Amino acid sequence: MSWNQKKRGGGNFHNRSSGHKGGGCGASWRARLEVGQRGFLCTCNSFEKECVKEAMNLLNEYADKLFGPDDWRKNESAPKTDSTSVDNAKEDEEEEGSEEDVSKSLQKEVQSLKQESKRPIHLQRFRAVDSGAKNVIFISSNVPDPVLLGHTLLTDLKTSKVGRSRFLQRLLPVEVTCKAYLEDMTRAAGPLFDKHFAKGNTSFSIVYKCRNNKLNRDAVIKELADLVCLKNASNHANLTQPQLVVLVEIIRNVCCISVLSDYYELAKYNLLEVIAPPKAEKKGETLCLN
């Protein structure tokens, strides 16, 4: 790590993950994106640690709103009833001043992180893992509907025009992950497409991104497009204003797939772009499949 990175408190998510041993955040960060997970792909320009923090705060906030409080976190953070806790509560009530408030806030955050690190992996509502690509972090999740959470968050940002992130750029819900082989991808996409495309007469576009893999782009797009139409012959492609976008993100040997609505209306699920003033559209400009 360079001196400048140390000065900024930086380095990236991947560099920090390699040297940690034992439990806590180091162990969580060593975990990698795997087949069978679902959650969110988060992108940033460096400062991956800060990106993860922003993403976790937003995801927990909206998960509580949509699906209710996290029972495990609520139980672990419940106040104790012993005499020590009572004394501490009295002391807290007597404390005044902004500096003390900041100190208590930091202590509360540190305590929350310590509690989260003790939680069994399968019970963690959100867990940051190494995606295998620079400036891309995968946050695995056990929430019932990652797409609903992501869509609600981006819609709120578009309506309010109030920024909620500095480092987190895109927050892409992922419904299913599989091996990055064409046969595995069509098998994983089948039930997902049954859910979204069986009714028919739905316009769609396939948005494809591949990192650290040489899979044939055209073959993947054609196979998935054929599968959409196979679910109902009235489904049709629309590259500029699709009702649904099939998002395909390949990183190394893992493929992430989701079906998203309002993809272009929500600035491709970019938290910074969705709050920006609308740009004047140039004549003859079209949106290309990317």
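Owing to the predicted nature of the structure, the values given are computational and were not obtained by experimental measurement. Because only heavy atoms are used, hydrogens play no part in the values below, and waters and symmetry mates are left out as well, while side chains stay in.
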If we count only N and O atoms by modelled type, under 3.5 Å, do the side chains of Asp156 and Tyr62 hold a donor and an acceptor together?
yes
Pair [X] + [Y], salt bridge at N-O below 4.0 Å:
X      : Y      : answer
Lys222 : Asp218 : no
Asp64  : Arg125 : yes
Glu61  : Arg164 : yes
Lys158 : Glu265 : no

Go through it in stages, so that I can follow the logic: the residues are Val259 and Phe197, the test is side chain to side chain contact (heavy atoms under 4.5 Å, CB included), and I'd like the CA-CA distance, side-chain angles, deciding distance and then a yes or no.
CA-CA 10 Å; Val259 179; Phe197 295 107; 4.1 Å; yes
Can you tell if the side chain of [X] reaches within under 4.5 Å of the side chain of [Y], non-hydrogen atoms only?
X      : Y      : result
Ser205 : Val246 : no
Lys161 : Val274 : no
Thr202 : His196 : no

Ignoring hydrogens, what is the shortest heavy-atom contact between Ile137 and Ala128? Give both atom names and the distance.
CG2-CB, 4.2 Å
Correct closest heavy-atom pair for Asn45 and Gln169 would be ND2-NE2, 3.0 Å
Does the plane of the ring in Phe126 sit parallel, tilted or perpendicular to the ring in Phe40? Use 30° and 60° as the thresholds.
tilted
Within a reach of under 6.0 Å around NZ of Lys179, are more than 12 heavy atoms found that belong to other residues, nucleotides or ligands?
no
